[in-house]
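Since the structure comes first, as structure tokens, the remarks are kept for the end.
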Amino acid sequence: MIGKEKIDLNIDPPPDLVIEIDVTSKTQLDAYLALAVPEVWRYENDKLQINLWQDGKYI
């Protein structure tokens, strides 16, 4: 993926990890579910939530 300016999810694999940190407009977990991103880390309000993709859903 190095050197790519744009990701084409029809060709490129989804990211291995998503990290969101205290953003005003966070992405809904369903968006990552559609891409089957293996790990989603979200830090908000002094708490870290780690979601792992397992059996078609996040735990």
Side-chain angles (χ1 to χ4, degrees):
M1 302 303 294
I2 293 175
K4 288 194 126 189
E5 291 184 23
K6 203 171 196 180
I7 295 173
D8 181 352
L9 293 172
N10 292 316
I11 300 168
D12 302 317
D16 294 323
L17 173 66
V18 170
I19 300 174
E20 286 191 358
I21 302 171
D22 273 333
V23 292
T24 56
S25 174
K26 63 183 177 182
T27 304
Q28 295 298 315
L29 204 53
D30 289 347
Y32 301 126
L33 186 82
L35 299 173
V37 177
E39 278 186 67
V40 178
W41 295 14
R42 300 170 111 180
Y43 185 78
E44 185 177 26
N45 300 323
D46 296 325
K47 293 181 183 174
L48 176 63
Q49 178 183 355
I50 298 175
N51 298 97
L52 301 175
W53 176 258
Q54 195 172 65
D55 298 324
K57 61 183 177 185
Y58 284 111
I59 57 166

Residues in side chain to side chain contact (heavy atoms under 4.5 Å, CB included) with [X], at least two apart?
| X | result |
| --- | --- |
| Pro15 | Val18, Val37 |
| Ile11 | Asp8 |
| Leu29 | Tyr32, Val40, Arg42, Asn51, Tyr58 |

Give me the atom names and distance for the closest heavy-atom approach of Ala36 to Pro14.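 Smallest interatomic distance, heavy atoms only, reads O-CG, 4.5 Å.
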
Indicate the atoms forming the closest heavy-atom contact of Ala31 with Thr27, along with that distance.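 Closest approach of Ala31 to Thr27, heavy atoms only: CB-CG2, 3.6 Å.
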
Which pairs, with at least one residue in residues 45-59 and sequence neighbours excluded, count as a salt bridge (Lys or Arg N to Asp or Glu O under 4.0 Å)? none

Who else is in Leu52's hydrophobic cluster (ILVMFWY, side-chain heavy atoms under 4.5 Å, direct or via others)? Leu17, Ile19, Ile21, Trp41, Tyr43, Leu48, Ile50, Ile59

What residues form a side chain to side chain donor-acceptor pair (under 3.5 Å) with Lys4, not counting sequence neighbours?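 With sequence neighbours excluded, Lys4 shows a side chain to side chain donor-acceptor pair (under 3.5 Å) to Asp12, given in chain and number order.
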
With Glu44, which residues qualify under salt bridge (charged side-chain N to carboxylate O under 4.0 Å, His left out), at least two apart?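 For Glu44 the salt bridge (charged side-chain N to carboxylate O under 4.0 Å, His left out) partners, ignoring immediate neighbours, are Lys26.
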
